[in-house]
Structures are given as structure tokens and as C-alpha cells.
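Step one of this worksheet: look at the structure below.
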Amino acid sequence: MNRSAIAFAVICAALSLSGSASLGSNLPGAGVGLSAHDDTAAAYQKLVAERGAAVVTVKFVLKIEAGGMGEDAEQETEVYGVMIDPKGLVLMSNSELDGFAGMMRRFRGGSFTTTPKDLKVLIGDDTEGMPGKVLARDTELDLAWIQIEKPGDKPLAHIDPAKGVKANLGDRLLALEKMGKYFDRAPVVQEVRVGAVTSKPRPTYVFTGGFIAGRGVPVFTVGGEFVGMTTLLVPSAEEMEGGALRSSMGGYFGTSPKILPASELVTATKRAREAAEADKPADKPADKAPEKPADTPADKSGGK
Amino acid sequence: MRSALVLVLAALGGSPALGPESASAAAASQPPAGEAERLREDMRRMIATARDRVFPALVHIHVVTTMHFGGKETKGASVGSGTIISREGHVITNHHVVDSGTRFKVTMADKQEIDAELVGDDPLTDLAVLKINVSQLKDPSSLAVAEFGDSDELQVGDTVMAMGSPFALSRSVTLGIVSNTERVFAGGMGGDEIDEFESDRGSGIFTRWIQHDALINPGNSGGPLVNLRGQIVGVNTLGGAGNGFASPSNLNRRVAEALIKHGEVPRSSIGISFKQIDKTGYREGVLVNSVSQSPPGPAARAGVRAGDVITKINGEPVTVRFAEQIPELAIRIAAMPIGSTIAVEYVREGKPGTATITTEKMLKDHGAETSLRAWGISVEAVTERLVRELRLSDPAGVFVTGVRPGSPMGLAEPGVQGGDILRAVGDKAVSSIADLIEIYKSISAADPAPEFVLVRFERRGKEHVTLIKPKPPKREDPPREVPKAWIGVAVQPVLRDLARHLGHDGVTGFRVTRVYPRTLAAGSDLKVGDLITAINDTKVQPKGMQDAGMFQRTIRPLRIEDEATLTVLRAGQTLQIKVGLERTKIGPEEARKDENRDFEISVRELTFFDRDDNNWDDSVQGVLVEGAERAGWAGLAGVGGGDLLQRVGPYEVTDLASYRKAMEQIAKDQPERVVFVVLRGTRTHFKFAEPDWKPVIEGKADEKK
């Protein structure tokens with residue numbers, strides 16, 4: 001087994017471990033050293049009341065093509081998203097948009113492609129969803145932007161990353177996740193602390209004392225100010241080959257989701273908007289049928 | 001004849017059976033040199049004569065197959081052999097060569113390729129008949145026809161030849177002898193007991209095989225076994241490890257005649273599954289293992305029950321002690337005219353009984369099938385076997401064999417699943433595949449397309465309803481990455497020890513391994529071998545291989561179209577080199593794609609790195625083939641992944657847009673032949689496709705009852 005495969009297996013194990021471990025951390029006072037003050041309950045309630053509507057569900061069908069005309073597979077999935085402007089721009093984790101197949105391609109290579117389609121954004125208890133399309137994606141930062149196609153005239157509940165704040169080592173943070181549809185997508189508050197602030201390879205907050213299983217989860221101060229969003233930042237294949245994660249130090253921190261600060265999200269969103277604007281096709285005259293060159297000896301195709 | 005063969009082998013010095021101690025005796029028994037030569041010549045002439053009587057009628061068969069599962073059809077290809085047996089152009093071959101075939105092409109002895117159609121096939125004997133389109137022959141009157149011999153005359157030891165296309169090598173002949181004339185596979189292919197057989201899965205249960213040792217391999221299937229008179233004495237069907245098995249010509253002839261006349265082989269059935277009586281304690285008779293009950297078959301209606309031991313049929317004693325004897329009994333009943341009356345005597349719990357059974361027609365166990373791609377289901381006709389197995393109260397409907405996840409049928413709430421029986425779509429009842437296809441076409445053609453369609457289906461005896469959202473397939477491109485700054489070089493990290501060795505005094509950095517042509521970097525002063533240690537005063541000095549991405553990571557946040565100043569070490573000097581920043585190049589996973597269902601080919605736009613990998617400059621244009629389904633029209637023409645498609649038919653292809661326009665126009669024109677001009681490496685290839693322009697929905701021919 002090569003190094004990429006080993007690292008990939010480690011990451012998968014960590015992701016599944018984080019998913020199962022989060023069940024344990026939902027128990028009151030479990031392993032966080034939480035204060036029993038009344039303000040904790042109030043902070044949770046305030047967060048859900050004021051920010052809950054901006055945490056949305058992105059539902060889509062992921063088409064996986066195994067290179068050329070190989071066997072297609074399609075799967076329907078629901079992941080987290082954060083509404084970041086009143087006109088329906090949703091920020092989410094790119095690796096969630098790509099699915100497991102996309103992760104495999106990143107580590108193992110291969111010619112298969114993943115294409116999300118039939119995207120819908122579900123807000124609150126809406127079950128139908130508002131159609132959306134992918135505006136842009138940034139694999140390096142694990143970000144993707146979905147634009148709701150017809151957001152309507154009423155401004156949508158949102159979180160403005162430009163009003164985000166910095167966090168410091170040791171700060172308490174609250175993450176706002178959602179349960180699955182079986183539980184009616186109810187909001188769930190996870191409490192963690194900033195265990196590390198990294199600058200290399202890029203600025204992130206590493207959280208400790210709890211588990212935030214999902215990517216694309218918004219994170220706030222206890223006072224409800226936006227701090228950032230969880231993403232999966234992994235080394236490139238080249239860096240993996242170089243043993244980027246081959247160390248017993250840091251354990252699962254190397255492979256678990258991290259919080260990308262609000263300031264990084266602002267810069268990345270600005271770039272994404274500019275790129276989407278630049279890529280808009282200009283108006284073109286109606287297409288003509290292709291021109292036929294003069295017959296050549298090799299061309300003996302005739303009409304039926 | 002056999003002694004002549006042995007003598008010939010001895011004369012040729014090829015007699016491995018002779019050991020050194022018998023060499024002197026063998027030498028004494030060898031004929032004089034002149035006679036040995038004459039024997040050799042006789043043998044050669046006999047083989048040549050026999051060969052020449054059949055060879056001209058030997059054909060190579062190429063089949064395009066279509067299978068339906070998982071909500072879509074999948075094409076494949078198979079090859080085999082066959083023999084022309086009539087002036088009208090009938091070709092006998094194996095059922096498993098033509099199974100699931102939707103298109104048949106036959107290569108004649110003179111290399112002409114002729115279209116053929118399926119006349120009928122018989123899985124129980126693994127035989128099939130095709131008919132070639134004689135009007136396509138250059139000279140239809142000269143069509144060579146082989147004749148059947150009498151397989152009952154064959155004896156163990158007779159010399160036979162196997163002709164066909166092993167490994168798709170056309171027209172080969174091997175020589176051997178008959179090893180056994182009555183080989184029986186009691187459980188069909190590979191089983192050791194017959195419990196129940198399916199009437200349309202190849203089983204060989206109705207065949208007494210001719211076993212021989214003329215070498216046959218994959219590709220020989222359907223080819224003739226020929227005697228030294230140049231007559232077909234069998235059709236080769238199975239083989240391997242030095243043993244070949246051919247179905248006898250007397251059976252071949254009967255089956256071929258029935259297929260030509262009726263399109264099938266009508267057989268009688270009484271709805272009994274037999275079992276041998278060993279271990280039952282009985283000395284005579286045959287055990288009734290089961291009788292068809294849902295609905296009741298002829299035997300059940302006549303009062304016969306599982307557990308009865310039948311002792312006489314039409315007054316004749318019958319005993320089946322071993323599994324190998326069951327096929328004989330099955331054949332005997334099947335061969336009776338449909339509607340015959342059979343008087344049976346049986347013993348039930350020690351008491352004798354009688355029953356009169358009227359045979360009925362043996363029905364197919366599996367019916368027509370098709371796939372409805374836009375809805376994501378593959379379906380099969382509901383047959384008597386299904387009615388029995390699923391205990392359906394109503395045989396009307398179609399059986400869902402597979403649903404594609406993410407398709408309209410899969411996403412419905414509740415979703416349709418494999419195993420469901422579709423009863424109605426919209427306000428129309430579905431009683432057959434033909435009904436369903438008509439409904440599907442009508443809904444697909446509706447403008448505007450309905451948002452919802454009600455579907456009624458049965459699942460394990462319970463009736464359900466659901467809504468599907470049929471929608472025309474929409475082309476979806478993979479979303480693009482946010483473009484970032486990029487410099488047109490490839491680099492490798494240089495760590496401390498390597499840096500010292502390269503004379504950089506332990507200063508780490510990134511060494512240029514390639515300067516990509518046709519980039520801004522190519523126009524700068526950067527050279528391969530340069531060590532970059534800083535970008536715009538930001539040091540890029542890796543500590544270990546885990547920092548391999550540092551160089552690109554430092555570049556990416558910069559502004560595209562700005563310039564970066566690189567600090568470079570070269571030959572002991574420190575240089576400041578300005579390089580223009582460009583947009584990151586599109587990778588294969590972001591490239592826009594197109595899937596064409598007519599030709600089953602997938603292409604994508606050419607990327608910068610495709611050009612660099614293949615050394616194609618900007619003058620080289622086209623779209624890159626990601627893949628072509630093996631038995632799709634483009635795949636059959638020889639187009640493959642990695643080809644650069646530059647022309648389709650008369651239309652130049654410069655990019656994805658021109659490719660799409662070209663394919664749309666060709667779909668409208670529907671020419672008989674389409675040429676794909678591709679660049680493969682440095683060479684141009686012309687690939688010719690001959691699509692038949694059938695609609696995507698394909699099912700088997702009529703649902704035969």
C-alpha cells in the first residue's frame with residue numbers, strides 16, 4: 001500500500017471516528033469542562049434563535065462518472081450550508097459537494113469525475129428546497145458557493161462573514177450543526193474551545209474539547225459573533241507523498257476538520273464572486289449549423 | 001481409418017505413445033517409406049476434401065449485445081462461429097453466441113461482411129439460427145451451403161474436425177477423434193442434479209453431447225464439428241482442457257427446422273420437476289419432486305402431487321435411478337405434441353393411483369426486457385415463472401429489474417425498487433413492456449413535460465402509489481475552480497543536504513524542473529535548474545518534503561496578471577527575476593465534457609496539461625476522448641480514450657462547441673457511415689462507424705409466449 005493510500009485510510013478513519021464520537025459529546029458536560037452557569041443555556045438558545053435560520057441544508061444528486069463511458073453512479077445527499085448574503089449565496093464545504101468519490105480522486109488519482117446536480121437549498125422546515133447552482137469552488141480551501149437561482153424579493157436570513165471576529169487560544173466557541181432529516185433537521189449546538197491557532201500552511205483554528213463532525217458548519221463566539229466555518233484542509237498528493245501527515249504527533253488533529261477564519265472566508269468569497277462574474281458568457285448571436293468543408297476522399301458518408 | 005491415422009503419425013515421427021523399448025518393434029511394423037508417403041497423402045486429401053466442403057460455408061459471427069440492468073442498457077460484444085445451412089442464408093450457431101444480441105454481422109469465407117438477423121434461438125439446446133442478408137452478397141447464387149451428416153452413425157474413435165474462429169482468429173481447423181457419443185450433463189452446465197430448469201437459460205439439458213478431442217477454444221462456439229465426408233455432425237458448444245463438446249447434428253437439424261418454421265422450438269410441458277429414485281427406497285419409477293402450483297400446471301390439475309412416484313407413462317414402465325437419466329425423460333415429454341394426453345400411473349404413500357395429464361406449451365421463463373434511461377429503470381415482462389415465484393394475483397404489469405440511484409424512479413418518495421411490479425403510469429394501465437414503452441415515449445415527447453407522473457406499483461402483495469418527476473436529461477458541467485495565480489513552471493523542493501550538494505550552501509528552496517512553453521514564465525529569464533528561495537520577499541524555504549506545496553501555496557493568493565519577483569540562485573549568483581502571473585490552468589476534472597448517447601462516446605475539452613503531455617502546440621485542435629463504450633458505435637469503430645477527435649463526418653472539430661454542433665447535425669442527417677478522424681500520439685487515424693440509428697430504447701423482439 002503506498003503512502004497516499006495509508007494517509008487516505010487514516011483520514012477516513014478519523015472522519016468516521018469524529019462522526020461517531022460526536023454522539024458521545026452531545027451528553028451534557030461530556031469532556032468539555034463546561035461551566036454550569038445559566039449564561040451557557042442562554043447562549044445556546046440565543047444562538048439557535050438568532051442564527052439558526054441561516055444554517056441551511058443543501059440537497060443534491062452527486063453524479064460519479066468512472067472515466068469515459070464507464071458505469072455512472074448517482075447518489076442523493078444532504079449536507080450543511082451557511083447563507084452568507086440576503087440574495088441567496090450559500091457557502092459550504094467543497095469536499096461535501098464532491099463526496100467520498102472526490103476524496104478518493106484527490107488521493108488516488110483516477111479519471112473519474114464528480115458532478116453535483118439537482119441542487120436544492122432547504123431553509124428552515126421547507127422540504128421542497130429552492131433550486132441552486134454551483135457558482136464556484138475552491139478545493140484548496142475546501143469551499144464551494146451555491147447561488148439560489150430565484151431567491152425572491154424578501155431578504156434571506158444570513159450570516160455576513162465580513163462582520164466576523166477573531167478568536168484567540170482558549171476561547172469558547174459554539175458550533176451550530178443540524179440533525180438529519182429523521183430528526184427534522186433540528187439544530188444542534190456543539191461547544192468547543194480553540195486549542196490551537198495555526199498560520200502554516202494557512203490560518204486556522206483547531207478546536208478541542210468536543211467534536212464538530214461536519215464540514216461547512218458555522219462557528220460562533222459564546223456571544224453569537226461569527227468566527228468561521230469548519231472545512232477539511234488536507235495536504236496535496238505531493239505533500240502526502242512527502243509525509244505531511246506521517247507523524248505520531250498531533251494524532252487525529254492532522255486529519256480532522258478545522259475552522260477557517262471569517263477573514264479567510266471574506267477573501268475567498270470576494271475572489272469567487274469575481275471569478276463567477278468574469279466567467280459569465282457574453283451574449284452571442286444564435287448558433288449556426290457547422291460549416292461543411294469540401295468533400296475529401298476519406299469522407300464517403302451520405303444521407304440515409 | 002484410425003489405424004491409418006496412427007500409421008501416419010508414426011511415419012511423421014510423431015507417435016508419443018511409443019516408448020524406447022517398443023521402438024524396435026514399431027520400426028519393424030512400419031510400412032515401407034513409399035507407402036507411408038501414400039498414406040500421408042491420402043489422409044491429407046481426405047482432410048482437405050472434407051474441409052473444402054464446409055470451409056466455404058463457415059462464417060465468423062460478430063454480435064453487439066445489449067443488457068438491461070441497474071436502470072440502463074449496457075452494450076457489449078461477442079464473437080463466435082457458424083455454418084450456412086440453406087440457400088436462403090440460414091446460419092446455425094449457438095444460442096450463447098447470439099444471446100442478448102441486437103445486431104449481428106457475419107464475415108463470409110471471401111471476407112465479405114454481411115448483416116444478419118436472428119431467426120430464433122433455443123436456450124435448452126443452446127442453438128440458434130441467424131439469416132444473412134443475401135441481397136448484400138456480391139454473388140448470391142454462389143452461396144456455399146454445408147450439409148448435415150447423421151450423428152447417430154458416429155462412433156467413438158471416428159476422426160472429426162472442429163472448424164471456427166478460436167480467439168476470434170478467423171477460420172481455423174483442428175483435428176481429433178470422437179471420445180464419447182452420449183455425454184450427458186444432468187444438471188445442465190456443471191450441475192449434478194436437475195431440480196428445475198429454466199426454459200430460456202442455456203442449460204444443455206436436452207442434449208446428448210458428442211465429446212471429442214479436436215481442440216476448441218473461445219470463439220469456436222457455434223462452429224461445426226465435421227466428419228471426413230465433409231458433413232456437419234455437430235455444433236461445437238463447450239470446450240477446454242483438451243475436451244470439446246458438440247451437440248449432435250440430428251438434434252441441430254430438428255431444432256434449426258423448428259426455429260426457421262416457428263421462430264422457436266415448441267415443446268410440451270406438464271409442470272412436473274422430476275428426481276431420481278436412489279435413496280428413496282423405491283426400485284422403480286421416478287419421483288415427482290414438485291408440481292407447478294401457482295397457477296396450477298397440467299400435472300397439478302390432473303391430481304398429481306409432489307412425493308408421488310410415477311411408475312408408468314402411457315402404459316410403459318419408467319425408472320430413473322440416476323440424475324443422468326432425467327434429461328431423457330424430459331426430452332421425451334417435451335417432444336410430445338402440445339395438447340397430448342398422457343396416462344400416468346403412480347404410487348402415493350404405498351397406494352397406486354392414476355392420472356390423465358394434458359400437456360400444454362412450455363413457456364419462456366424470462367420475457368422481453370428494456371430500459372427507460374430517462375426514468376432510470378430496467379424492466380422485464382412478467383412471465384409465468386414470475387407469477388409463480390412472486391405469487392402474483394394479477395399477471396398484468398412489468399417487473400422492475402433495477403433502478404438507477406438518483407434517477408426519477410429512485411428519487412420518488414416512496415422510491416420504486418427492483419422487484420416491484422409496475423401496474424400503471426399516469427392514467428394508463430401497464431400490462432406489457434410494449435404498453436410501458438408507449439407511455440414512456442408519449443410522456444417524454446410531451447411539451448411541456450409534465451412535472452409529476454403518478455405511478456402505481458405492487459411490492460410483495462401491497463399496492464403502492466408514488467410520484468415521479470420525469471424531466472429531460474440536462475447537460476451538467478462539473479463546477480469550475482476559483483482561478484488563482486500561477487507561474488508556468490514545475491518545481492521540486494530542495495532540502496538542506498541536497499542544497500549543499502548542489503552548491504547552494506545549505507539554502508533550501510524550490511528548484512525549477514520545467515519551464516512550460518507558451519507561458520509567461522517561458523518569456524522570462526527563468527531556467528531549469530534555478531533555485532527559487534523567495535517570492536516577492538516572502539521566503540519559500542521548505543523544511544521537509546511535507547512542504548512540497550509551499551511554492552504554489554505562496555503564489556496562489558497573489559493577484560493574477562500582476563508580476564512576481566523571484567529570488568533565484570543560479571551558478572553561485574543571486575538574481576531577481578520578474579515573472580508574470582497567470583490564471584491557474586484547468587485540470588481534467590474541471591474540463592467541460594460531453595456525452596453522446598448515439599455513439600456512446602464521452603469527450604472533454606483539451607487542457608493546457610493535455611497539450612504539454614502530448615507535445616501539442618496551439619495549432620493542434622480538437623476534443624479529447626475520455627472513453628467510448630466498447631460495443632457502442634464509436635467503440636466498435638475503434639475510437640478509444642486518449643484520442644484527440646479532430647473531425648466527425650464532414651465537420652471539423654476545434655473545440656467542444658464545434659463538436660456538439662457537429663454531433664447534433666449528424667444526428668439530424670443520420671448518415672449510413674460516419675468517419676471519426678483522430679490524432680493518436682503523433683499519428684492520424686480514420687475510424688469508420690456504421691450506426692443503425694435505432695432509438696435508445698431497445699427491447700428483445702416480440703414477447704413470445
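This one's a predicted model, so the numbers in the text were calculated from it and none came from an experiment. Below, read A as the first sequence line, B as the second, and so on, with proteins coming before strands; counting in each chain starts at 1.
By number of non-hydrogen pairs under 4.5 angstrom with chain A, the leading residue of B:A657, B:P557, B:G71, B:G410 is B:P557. The most heavy-atom pairs under 4.5 Å with chain B, out of A:E274, A:K117, A:E76, come from A:K117.
Residue contact with chain A, scored on non-hydrogen atoms closer than 4.5 Å, is absent for B:I666. Heavy-atom distances place the side chain of B:K469, and not its backbone, under 4.5 Å from chain A. For chain B, the nearby part of A:K200 is the side chain; its heavy atoms alone come within less than 4.5 Å. Contact annotation for B:R604: neither backbone nor side-chain heavy atoms come within less than 4.5 Å of a heavy atom of chain A.
A ring-centre distance under 6.0 Å is not found for B:F688 and B:F676.
Heavy-atom neighbours of B:K585 NZ from other residues, nucleotides or ligands within 6.0 Å: above the threshold of 12.
Distance alone, capped at 3.5 Å, places no donor-acceptor pair between the B:E590 side chain and the B:R480 backbone. When atom types are taken as modelled, the side chain of B:R647 and the backbone of B:G649 share a donor-acceptor pair closer than 3.5 angstrom.
Applying the salt bridge (Lys or Arg N to Asp or Glu O under 4.0 Å) test to B:E481 and every residue at least two apart in sequence or in another chain returns nothing.
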